[in-house]
Amino acid sequence: MKDISYTDWELTSAQLRTVVRLRKLYSNYPDALGTKDVMKMLGVGRATVLNLKNCGMLRHYNLGNRLIYPKEWVLEYLAVYAVSDKPNVRDYQREVLRYCRTRRTITEIAQHLNLGAGFCRDYLLKPLCEHGELICEPDKREVKRHCYKAVR
């Protein structure tokens, strides 16, 4: 396995400090983790780990039909998303309003923001619709699917 150094990551100083703390906290975990180990480290379910992997937020190796997550890469993920300089919900909502100047489906919005569709629906789209900043309409091609468009 390739030696992983902090210079590959382009982390901020706060994120580097977080990685150092996390290394001590997770020192009892092996260097190469399976999906179950990552689930335990992050305190999430299998679907969440696979969603993080699929959207590129959690880097991994394919070893035959197994997924291997180097511990350093999991610590990188934790450092990047555990530090307070990450975007907040209102920043994401502003980006949704900018992106939805034309009609967009929830899938398009989630992919654009690199977030899960459930998070987008519950924390971004629903509040924007309730405040009248976004309108939700049934898709003309598929009635079960909805499209979102910014009001302004």
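Quick caveat: nothing in here was measured; it's all calculated off a predicted structure.
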Determine the minimum heavy-atom distance between [X] and [Y], stating which atoms define it.
{"X": "Glu108", "Y": "Arg103", "result": "OE1-O, 4.2 Å"}
{"X": "Leu33", "Y": "Lys71", "result": "CD1-CA, 3.8 Å"}
{"X": "Ala117", "Y": "Ile106", "result": "O-CD1, 3.5 Å"}
{"X": "Ala79", "Y": "Val19", "result": "CB-CG2, 3.4 Å"}
{"X": "Ala110", "Y": "Cys120", "result": "CA-SG, 3.7 Å"}

Inset, instruction - Answer with yes or no whether the hydrophobic clustering places Leu78 together with Tyr29; edges join I, L, V, M, F, W, Y residues whose side-chain heavy atoms lie under 4.5 Å apart. - result: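 Leu78 clusters together with Tyr29.
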Inset, instruction - Following the transitive rule for hydrophobic clusters with a side-chain heavy-atom cut-off under 4.5 Å over Ile, Leu, Val, Met, Phe, Trp and Tyr, establish whether Leu25 and Leu58 coincide in one cluster. - result: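 Yes.
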Legend entry - Residue pairs involving residues 111-120 (criterion side chain to side chain donor-acceptor pair (under 3.5 Å); sequence neighbours excluded):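 As it turns out, the side chain to side chain donor-acceptor pair (under 3.5 Å) pairs with a partner in residues 111-120, which skip direct neighbours, are Glu95-His112.
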Nearest 0.5 Å please: distance from the [atom1] atom of [X] over to the [atom2] atom of [Y].
{"X": "Leu125", "Y": "Leu134", "atom1": "CG", "atom2": "CG", "answer": "6.0 Å"}
{"X": "Leu16", "Y": "Arg21", "atom1": "CG", "atom2": "CZ", "answer": "11.0 Å"}
{"X": "Leu115", "Y": "Asn51", "atom1": "CG", "atom2": "CG", "answer": "11.0 Å"}
{"X": "Glu133", "Y": "Tyr148", "atom1": "CD", "atom2": "OH", "answer": "14.5 Å"}
{"X": "Arg59", "Y": "Tyr61", "atom1": "CZ", "atom2": "OH", "answer": "8.0 Å"}
{"X": "Lys36", "Y": "Arg46", "atom1": "NZ", "atom2": "CZ", "answer": "8.0 Å"}

Can you check whether [X] reaches [Y] side chain to side chain, under 4.5 Å on heavy atoms?
{"X": "Ile109", "Y": "Cys100", "result": "yes"}
{"X": "Leu124", "Y": "Phe119", "result": "yes"}
{"X": "Asn62", "Y": "Leu67", "result": "yes"}
{"X": "His60", "Y": "Trp73", "result": "no"}

Legend entry - Residues which pass side-chain hydrogen bond (donor to acceptor under 3.5 Å, both in side chains) with Arg66, listed by chain and number, not counting sequence neighbours: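 In terms of side-chain hydrogen bond (donor to acceptor under 3.5 Å, both in side chains), with neighbours along the sequence ignored, Arg66 is linked to no residue.
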Ignoring hydrogens and geometry, is there a side-chain-to-backbone donor-acceptor pair from [X] to [Y] under 3.5 Å?
{"X": "Tyr26", "Y": "Met41", "answer": "yes"}
{"X": "Gln93", "Y": "Tyr123", "answer": "yes"}
{"X": "Arg104", "Y": "Tyr99", "answer": "yes"}

Legend entry - Qualifying residue, where the test is side-chain contact (heavy atoms from CB on, under 4.5 Å) with Leu52 and the options are Thr48, Leu50, Asn54: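 It is Thr48; the other options fail the test.
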Inset, instruction - Report the residue from Asp37, Leu42, Thr35 that forms a side-chain contact (heavy atoms from CB on, under 4.5 Å) with Met39. - result: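 The single option meeting the side-chain contact (heavy atoms from CB on, under 4.5 Å) with Met39 is Thr35.
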Inset, instruction - For Arg94, check salt bridge (Lys or Arg N to Asp or Glu O under 4.0 Å) against everything at least two apart and list the hits. - result: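 Once residues adjacent in sequence are excluded, the partners of Arg94 under the salt bridge (Lys or Arg N to Asp or Glu O under 4.0 Å) criterion are Asp91.
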